[in-house]
Amino acid sequence: MKVHAIIQARCGSTRLPRKVLLKLGARTVLEQVIHQVSFSRSVSKIIVATTTSPDDQPIVDSLAGTKIGIYRGSELDVLERYRECADLFQSDIIVRVTADCPFIDPRLIDLCIEKLISGGYDYFGTITPPSFPDGLDVEVVTREALERAWQSALIPSEREHVTLHIRMHPDRFKIGNYRHDVDLSGIRLTLDEDRDYRALVTLTELAEQRCGKVVHLNDLLDLLRMHPEIQLINGSIVRDEGLSRSLRADGLKNFLDELSRSSMPTIRRSQELFERARAIIPGAAQTFSKGYTQYVQGVCPIYLDHGKGSIVWDVDGNSYVDLVQGLLPNILGYAHQEVNQAVKDQIDAGISFSLPHPLEIELAEDLRRIIPSAEMVRFGKNGSDVTAGAVRLARAYTGREVVACCGYHGWQDWFIGSTARHRGVPEAVRKLTIPFQYNEIESLAKIFTDHPDNVAAVILEPMNFVHPKPGFLEEVKSLAEQHGAVLIFDEICSGWHLGLGGVQKRTGVVPHLSCFGKAMGNGFPIAAVVGRGEIMRLMEEIFFSFTFGGEVASLAAARAVIRVLEREPVTQTMASWGNRVREVVQKNVANQSLEGRVQCLGEPQWWVMKFYDQEGKDSLALRSLFQQEVVKEGVLFLSTHNMNFTFGQSEFVIVERAYQKAFSVLAQAVREDRVEQMLEGSPIQAVFRVR
Ligand SMILES: Cc1ncc(COP(=O)(O)O)c(C=O)c1O
């Protein structure tokens with residue numbers, strides 16, 4: 001049985017003329033395709049099928065002196081070109097290859113040939129639906145099926161796209177498809193545009209350094225994992241654009257719909273995992289804000305697989321610019337090399353020791369140098385550990401019980417009892433924590449009046465998305481001191497994002513105690529409560545102790561983060577890109593007349609987009625619609641913009657395009673009063689509001 005690979009190649013290309021003769025390293029694109037195919041064990045001959053047009057003579061010339069077969073046939077009727085070529089060379093089985101796929105994988109070719117033969121198929125491929133990267137797809141067809149297709153295909157698009165007629169008639173042809181277990185169809189390794197070429201040149205250089213003679217799918221995935229920036233170059237180009245255009249011209253809308261459905265990013269594996277998780281993990285997540293209630297279901301991914309810098313990949317292989325960054329920790333982006341190296345060095349030496357480790361002192365000394373209120377330091381793992389520790393210290397120090405709070409401070413009883421989600425917290429505990437309003441000093445004063453001599457602590461985020469009114473923080477401090485209460489700044493979020501040293505450093509208002517967490521370890525779990533020595537000393541009398549308090553890998557991570565923040569212009573960089581994204585929002589809001597519906601609040605390195613309904617109330621529906629639209633365009637969005645140091649031009653371009661599209665959908669929904677109807681899945685649910 002003669003198994004031949006027929007590579008269709010032309011010089012004419014509307015988007016990138018003469019693309020097959022461009023250079024990728026030492027070879028032309030066409031030579032690179034031939035090179036890859038030549039490693040197939042089953043293909044006995046490679047033939048290039050080009051056209052009779054003189055424009056394609058350079059292709060023929062470029063193959064002079066090689067063993068490659070050449071056939072010249074019709075320019076537009078590519079089906080006929082293939083059929084005649086297969087006739088001439090007496091091929092029995094034809095691997096259809098296009099000359100714009102320089103990394104086609106010979107192993108996948110062999111696998112499809114084997115499946116076609118053993119299953120007795122007329123056609124076997126990987127594109128119905130696609131699950132391999134664009135450019136790695138394989139189609140294998142028998143000459144007999146090709147002949148039948150040639151006889152009955154009438155529509156121009158069926159003549160232009162060799163296997164389309166066969167794929168459109170599963171009733172007449174026995175068709176098989178091989179699917180990758182993870183959907184990789186969002187990855188682009190084909191050559192249609194200049195952007196593709198740039199991506200492929202970079203990939204070729206890397207492959208030359210790191211891979212063997214032939215490049216396989218796994219090599220490519222490894223390279224893309226190590227260099228996520230490559231996908232940003234061309235990742236947004238729509239798959240199968242040429243085919244879509246000709247199908248549309250031929251009025252084959254149904255098939256086009258099917259095609260686009262099957263090539264849309266899927267979240268199939270996410271959904272499968274979700275079903276498994278629901279049976280065993282209450283809430284199907286460990287953190288409320290990462291759970292399924294916070295993302296439009298049916299559209300947004302539910303599980304992520306890995307991340308690098310600003311980019312994350314979900315378990316279905318889709319990539320996103322991640323504006324959430326793990327809910328703020330990744331200030332230097334995912335998998336930061338220097339931080340990870342510090343941790344790797346440490347884990348080889350052990351991380352959870354039986355006695356304290358010197359790194360505890362070193363990090364404590366770093367924090368004392370950086371944070372104005374830090375005379376002494378203790379560590380925790382989550383923000384909730386250290387806010388609870390600070391509140392217990394304040395109660396121990398003052399001998400009082402009531403806590404005045406402002407903002408969100410964690411999951412523990414003392415705080416969560418004051419919110420709407422207080423089930424399970426005893427009434428006696430709930431009564432002791434009383435919220436006051438930010439920038440409204442009177443609301444705090446009232447708590448002191450209502451609980452004379454019994455307020456142990458005033459705890460607040462000194463700033464989140466709203467700036468303190470002039471004098472507000474000073475007034476809070478003087479009220480607290482006047483009434484003998486401990487002032488605690490919760491800088492879990494503001495710490496590092498609003499500058500190393502937190503808000504206390506920039507405002508000069510120094511609290512008695514303060515709490516840090518989130519960005520401290522760039523994702524490694526570490527938090528700190530710091531403060532005046534005379535209060536902190538009471539740690540020796542209260543109980544603030546847990547097995548992993550001094551876990552060393554995270555201490556090493558925290559020191560590395562501080563080193564980078566002291567060395568590099570992290571805050572400035574995040575602020576500058578944050579500002580640029582905000583300008584995009586403002587421009588679109590103005591262009592789409594959405595004033596009053598969308599507002600940006602906060603500092604450019606950590607800000608939030610608020611959505612309002614007609615009455616000016618927070619609108620979860622509008623937020624959901626915006627999330628739905630930007631997620632489809634490759635942006636993972638909750639509403640906060642947690643900028644990170646690696647966010648740059650490539651990420652900006654993706655966000656800008658996604659926002660532009662989403663705003664036009666939002667405007668249409670608002671105009672037609674159809675916000676809910678335009679949601680493709682269940683909307684985001686409210687957790688509770690404290691900010
Ligand atoms: C201001 C503030 N304080 C405390 C916490 C609690 O931190 P964790 O979730 O790490 O326990 C959070 C978490 O979002 C927070 O935003």
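Note that these values count all heavy atoms, side chains included, but never hydrogens, waters or copies made by symmetry. Fair warning: this is a prediction, and the values are worked out from it, not measured in the lab.
- The closest side-chain donor-acceptor pair between E139 and Y123 falls under 3.5 angstrom.
- For the atom pair I175 CD1 and T128 OG1, the distance stands at 6.5 Å (nearest 0.5 Å).
- The side-chain heavy atoms of Y82 and V141, taken from C-beta on, include no pair separated by under 4.5 Å.
- The 12-atom threshold is exceeded at CZ of R268, counting heavy atoms of other residues, nucleotides or ligands nearer than 6.0 Å.
- Side-chain contact between T204 and Q32 is absent, with no heavy-atom pair separated by less than 4.5 Å.
- Legend: residues meeting salt bridge (Lys or Arg N to Asp or Glu O under 4.0 Å) with E205, ordered by chain and number and at least two apart, are absent.
- When each of V665, V635, L636 is checked for a side-chain contact (heavy atoms from CB on, under 4.5 Å) with V630, only V635 meets the rule.
- Below 30°, between 30° and 60°, or above 60°: for F652 and W577 the angle between ring planes is between 30° and 60°, a tilted geometry.
- Counting heavy atoms from C-beta on, the side chains of F663 and V585 come closer than 4.5 Å.
- Every residue was checked against the side-chain hydrogen bond (donor to acceptor under 3.5 Å, both in side chains) condition with S270, not counting sequence neighbours, and none meets it.
- The side-chain contact (heavy atoms from CB on, under 4.5 Å) search around Q286 returns I281, not counting sequence neighbours.
- Contact check for R179 versus P129: side-chain heavy atoms found under the 4.5 Å cut-off.
- Checking side-chain atoms of N318 against main-chain N and O of T266 turns up a donor-acceptor pair under 3.5 Å.
- Closest of all the heavy-atom pairs between A284 and Y303 is O-OH, 3.7 Å.
- The shortest heavy-atom contact between H165 and S152 is NE2-OG, 3.2 Å.
- Note that CE of M609 is 10.0 Å distant from CG of L323, once rounded to the nearest 0.5 Å.
- When all heavy atoms are compared, the tightest approach of N330 to G523 is OD1-CA, 3.7 Å.
- Remark: E275 does not engage R278 in a salt bridge, criterion side-chain N to carboxylate O under 4.0 Å.
- Q628 places a side-chain N or O within 3.5 Å of a backbone atom of M678 that can act as its donor or acceptor partner.
- To the nearest 0.5 Å, atoms CG (N340) and CG (N522) are separated by 8.0 Å.
- E676 and A621 get closest at one heavy-atom pair: OE2-CB, 3.5 Å.
- The existence of a salt bridge linking R15 and D192 is confirmed by a sub-4.0 Å separation between a basic side-chain nitrogen and an acidic carboxylate oxygen.
- Between R188 and Q231 there is no side-chain heavy-atom pair separated by less than 4.5 Å.
- Judged by distance alone, with hydrogens and angles left aside, the side-chain atoms of D92 form a donor-acceptor pair with the main-chain N or O of K2 at under 3.5 Å.
- Taking a 6.0 Å sphere around CZ of R195, one finds it holds more than 12 heavy atoms contributed by other residues, nucleotides or ligands.
- The shortest heavy-atom contact between I34 and I7 is CG1-CD1, 3.7 Å.
- A search for salt bridge (Lys or Arg N to Asp or Glu O under 4.0 Å) contacts involving D100 returns K19, not counting sequence neighbours.
- The ring pair (Phe, Tyr, Trp, His ring centres under 6.0 Å) check on Y121 picks up F124, with sequence neighbours excluded.
- Using modelled atom types, one finds no donor on one side chain facing an acceptor on the other under 3.5 Å when comparing Q297 with Y292.
- Side-chain atoms of R159 never come within 3.5 Å of backbone atoms of E80 as a donor-acceptor pair (strictly under, hydrogens ignored).
- Residue pairs meeting the ring-ring contact (aromatic ring centres under 6.0 Å, His included) criterion with at least one member in residues 18-37, sequence neighbours excluded: H35-F39.
- The salt bridge (Lys or Arg N to Asp or Glu O under 4.0 Å) test applied to D194 returns R198, not counting sequence neighbours.
- The distance between the ring centers of F626 and Y659 falls below 6.0 angstrom.
- Distance alone, capped at 3.5 Å, places no donor-acceptor pair between the Q294 side chain and the L638 backbone.
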V95 and V37: side chain to side chain contact (heavy atoms under 4.5 Å, CB included), yes or no, with the steps? CA-CA 10 Å; V95 183; V37 176; over 6 Å; no

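- K115 places no side-chain N or O within donor-acceptor distance of the main-chain N or O of S118, the cut-off being under 3.5 Å.
- Listed by chain and number, the residues in a side-chain contact (heavy atoms from CB on, under 4.5 Å) with V215 are Q36, F103, A207, C211, D219, L220 (sequence neighbours excluded).
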Cut-off 3.5 Å, no hydrogens considered: what does the side-chain donor-acceptor table look like for residues 44-51, sequence neighbours left out?
residue: S44; atom: OG; partner: V3; partner atom: O; Å: 3.2
residue: K45; atom: NZ; partner: K67; partner atom: O; Å: 3.2
residue: T50; atom: OG1; partner: A9; partner atom: O; Å: 2.8
residue: T51; atom: OG1; partner: S53; partner atom: N; Å: 3.0
residue: T51; atom: OG1; partner: D56; partner atom: OD2; Å: 2.5

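- A donor-acceptor pair is defined here as one N or O able to donate and one able to accept, closer than 3.5 Å; no such pair exists between the side chain of H306 and the backbone of L304.
- Note on residues 646-668: pairs passing salt bridge (Lys or Arg N to Asp or Glu O under 4.0 Å), not counting sequence neighbours, are E633-K661.
- Counting only residues at least two apart or on different chains, no ring-ring contact (aromatic ring centres under 6.0 Å, His included) pair has a member in residues 198-230.
- Between the side chain of T646 and the main chain of S310, a donor-acceptor pair closer than 3.5 Å is present.
- Without hydrogens or angle criteria, H161 side chain to S157 main chain gives no donor-acceptor distance under 3.5 Å.
- The side-chain contact (heavy atoms from CB on, under 4.5 Å) with L206 is formed by just one residue from the set L224, I230, D222; it is I230.
- The nearest pair of heavy atoms linking N177 to I127 is OD1-N, 3.2 Å.
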Determine, stepwise, if the pair L22 / V201 fulfils side chain to side chain contact (heavy atoms under 4.5 Å, CB included). CA-CA 10 Å; L22 293 174; V201 167; over 6 Å; no

Could you walk me through whether I331 and N644 pass side chain to side chain contact (heavy atoms under 4.5 Å, CB included), step by step? CA-CA 5 Å; I331 191 167; N644 80 86; 5.7 Å; no

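- Rounding to the nearest 0.5 Å places CD1 of I654 at 9.0 Å from CZ of F647.
- Atoms CG and CG, on L24 and L30 in that order, are 11.0 Å from each other to the nearest 0.5 Å.
- Atom CD of residue E680 and atom OG of residue S624 lie 12.0 Å apart, to the nearest 0.5 angstrom.
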Step by step, would you call C85 with H4 a side chain to side chain contact (heavy atoms under 4.5 Å, CB included)? CA-CA 10 Å; C85 176; H4 294 165; over 6 Å; no

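- With hydrogens and angles disregarded, a donor-acceptor distance shorter than 3.5 Å links the side chain of R81 to the backbone of S74.
- Legend: residues meeting salt bridge (Lys or Arg N to Asp or Glu O under 4.0 Å) with E144, ordered by chain and number and at least two apart, are R148.
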